Amino acid sequence: RVQCGAKRDEFDRVEPELNDVRPGDHITWMCVEEIDSVTTKHHREGIAHHRDSFGDWCTEGGTRLASLSGTGITITIRRTAPEVLLTAKTQRWTPEEVLRTLVETEIAARDASNIRNRLKTAGFPVTKTLESFDVAASSIPANTFDYLSSLEWVRAQHNLALIGPAGTGKSHTLIGLGIAAVHAGHKVRYFTAADLVETLYRGLADNTVGKTIDTLLRQDLLILDEIGFAPLDDTGTQLLFRLVAGAYERRSLAIASHWPFEAWGRFLPEHTTAVSMLDRLLHHCHTVVTDGDSYRMKQARQNGGTRLKSTK
């Protein structure tokens with residue numbers, strides 16, 4: 001059936017378009033106004049039918065989705081679909097709105113799962129956040145802390161060095177920045193210097209140190225805490241240098257040490273290697289020097305201190 005239309009006042013002057021008409025086809029002449037009227041009627045009936053059908057689907061859809069397993073429907077969608085579909089029926093959502101809500105829920109669940117996995121992989125010894133750091137009580141300038149918190153230096157593959165005495169917020173800042181980086185989508189690993197060198201030594205023992213370093217360099221940010229707490233031998237220094245050299249201009253390193261750079265010879269026995277390591281570490285580096293009394297000692301004094309009993 002072929003419909004040809006024209007405005008009512010031009011109806012008598014229109015020639016039918018028969019190029020696509022086959023023998024046996026029936027031609028129906030309708031004016032444009034009649035076509036619009038029929039189309040509008042069918043459209044309204046279609047909407048009503050769609051709403052009724054969609055309402056029925058919403059009623060049963062939650063049960064159907066919740067019962068599916070092993071069909072590509074995720075656990076999150078199966079769990080949230082009944083509530084979403086009930087809301088959709090009540091508020092007369094379109095199918096597109098239902099799909100968007102389910103997809104957004106799935107994306108949020110996957111993001112949360114990825115964050116949990118990256119936090120676990122990072123290996124933070126404790127949870128320290130930037131929000132819980134008392135900037136006003138620290139020696140780190142507020143504008144410096146804000147810049148570090150922006151993580152722009154991580155995206156630029158620059159380094160960070162926190163230098164200062166114990167108890168001045170170095171470890172808290174490093175862990176807080178690491179956790180913030182994880183939430184921003186970065187891959188992070190945390191080590192104390194002793195644990196890192198031990199990891200590299202194990203790789204050296206089974207001839208996988210190159211693979212170990214390559215694995216570490218897949219992270220966006222490597223955090224090395226407590227550098228200089230224990231002296232390194234020549235082999236440990238060489239292994240640490242290999243990691244720093246591999247990360248140079250490719251990954252971000254964040255380190256903390258209570259030794260100023262000019263005193264690193266105290267725990268790095270080979271002078272040439274120490275100079276080469278610092279050269280690469282400090283080329284693109286934000287250095288923050290912390291000072292002041294240890295917050296641990298302040299808390300101890302506020303709590304009345306610790307008295308030692310003398311024995312005779």
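Treat the numbers as computed from the prediction; the structure is a model and nothing was measured. Counting begins at 1 with the first residue of the sequence.
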| said: Please enumerate all residues that pass side-chain contact (heavy atoms from CB on, under 4.5 Å) together with His158, with sequence neighbours excluded. | reply: Trp153, Ala156, His284, His286

| task | Kindly indicate, with the supporting measurements, whether the criterion side-chain contact (heavy atoms from CB on, under 4.5 Å) is fulfilled by Lys187 and Thr121. | result | CA-CA 9 Å; Lys187 292 180 290 186; Thr121 300; over 6 Å; no

| said: I need the full list of side chain to side chain donor-acceptor pair (under 3.5 Å) pairs touching residues 222-244, with sequence neighbours left out, sorted by first then second residue. | reply: Ser171-Asp225, Tyr190-Asp225, Tyr201-Asp233, Gln238-Thr273

| field | Any donor-acceptor pair under 3.5 Å from His172 side chain to Thr129 backbone | value | yes

| Would a 4.5 Å heavy-atom cut-off, applied to side chains only, mark Ile175 and Thr127 as touching? | no

| Do you know which two heavy atoms are closest between Gly178 and Leu221, and how far apart they sit? | CA-CD2, 4.3 Å

| said: Looking at Arg280 and Ala247, would you say the former's side chain and the latter's main chain have a donor-acceptor pair under 3.5 Å? | reply: no

| ring pair (Phe, Tyr, Trp, His ring centres under 6.0 Å) contacts touching residues 97-127 (sequence neighbours left out) | none

| note | Here the pair of heavy atoms bringing Thr168 nearest to Pro165 is OG1-O, 2.7 Å

| request: Would you kindly confirm whether Leu268 and Leu204 end up in one hydrophobic cluster when ILVMFWY residues are joined by side chain heavy atoms under 4.5 Å apart? | output: yes

| request: Can you see which heavy atom on Leu174 is nearest to which on Ala256, and at what distance? | output: CD1-CB, 3.4 Å

| request: Let me see the working for Leu278 and Val244 under side-chain contact (heavy atoms from CB on, under 4.5 Å), right down to the final yes or no. | output: CA-CA 9 Å; Leu278 286 173; Val244 173; over 6 Å; no

| field | Close side-chain approach of Leu282 to Asn159, heavy-atom, < 4.5 Å | value | no

| remark: Here the gap from Leu196 atom CG to Ile213 atom CD1, rounded to the nearest 0.5 Å, amounts to 8.5 Å

| query | Can you tell me how far CD of Gln219 sits from OG of Ser252, rounded to the nearest 0.5 angstrom? | reply | 12.0 Å

| query | Are Val289 and Leu224 linked, directly or through other ILVMFWY residues, by side chains that come within less than 4.5 angstrom of each other? | reply | no

| query | Could you give the distance from CD (Glu104) to CG (Leu99), rounded to the nearest 0.5 Å? | reply | 10.0 Å

| task | Measure across Trp259 and Ile227 and return the closest heavy-atom pair with its distance rounded to 0.1 Å. | result | CD1-O, 4.4 Å

| query | Taking everything shown except Glu83 itself, do over 12 heavy atoms lie less than 6.0 Å from its CD? | reply | no

| field | Gap between atom OG of Ser276 and atom CG of Leu281 - 0.5 Å precision | value | 12.5 Å

| said: Is there a path of hydrophobic side-chain contacts, each under 4.5 Å between heavy atoms of I/L/V/M/F/W/Y residues, joining Phe261 to Phe241? | reply: yes

| query | Is a side-chain donor or acceptor of Asn114 paired with a backbone partner of Arg110 at a separation under 3.5 angstrom? | reply | yes

| remark: CG of Leu102 to CZ of Arg100, rounded to nearest 0.5 Å, is 11.0 Å

| field | Pairing residues for Glu198 by the salt bridge (charged side-chain N to carboxylate O under 4.0 Å, His left out) criterion, not counting sequence neighbours | value | Arg202

| message | I'd like to know whether Leu243 forms a side-chain contact (heavy atoms from CB on, under 4.5 Å) with Phe191, so could you lay out the CA-CA distance, the side-chain angles of the two residues, the decisive distance to 0.1 Å, and finally the verdict. | response | CA-CA 13 Å; Leu243 179 66; Phe191 291 95; over 6 Å; no

| field | Flag, side chain of Thr144 to backbone of Ile140, donor-acceptor distance under 3.5 Å | value | no

| said: I need the Leu119 CG to Ile115 CD1 distance, nearest 0.5 Å. | reply: 7.0 Å

| request: Would you kindly confirm whether Leu217 and Leu160 end up in one hydrophobic cluster when ILVMFWY residues are joined by side chain heavy atoms under 4.5 Å apart? | output: no

| Which ring pair (Phe, Tyr, Trp, His ring centres under 6.0 Å) pairs, counting each pair once, include a residue from residues 205-233, with sequence neighbours left out? | Phe229-His258

| task | Might you point out which heavy atoms bring Ser149 and Leu130 nearest each other, and give the distance in Å? | result | OG-CD1, 3.6 Å

| Atom CG of Asn207 with >12 non-hydrogen neighbours under 6.0 angstrom | no

| Can you name the ring pair (Phe, Tyr, Trp, His ring centres under 6.0 Å) partners of Phe145, sequence neighbours left out? | Phe133

| task | Write down the atom of Leu216, the atom of Arg189, and the distance for their closest heavy-atom approach. | result | CD2-NH1, 4.2 Å

| task | Kindly determine whether Asn117 and Ser113 satisfy side-chain contact (heavy atoms from CB on, under 4.5 Å), including the steps that lead there. | result | CA-CA 6 Å; Asn117 291 336; Ser113 177; 3.8 Å; yes

| query | Do any N or O atoms from the side chain of Ser257 and from the backbone of Gly228 form a donor-acceptor pair under 3.5 angstrom? | reply | no

| Are Val288 and Leu177 connected in a single hydrophobic cluster, I mean Ile/Leu/Val/Met/Phe/Trp/Tyr linked by side-chain heavy atoms less than 4.5 Å apart? | yes

| Between Glu97 and Thr94, is there a donor-acceptor pair closer than 3.5 Å when you use the side chain of the first and the backbone of the second? | yes

| request: Please confirm whether the backbone N or O of Val188 pairs with a side-chain atom of Arg118, one donor and one acceptor, at under 3.5 Å? | output: no

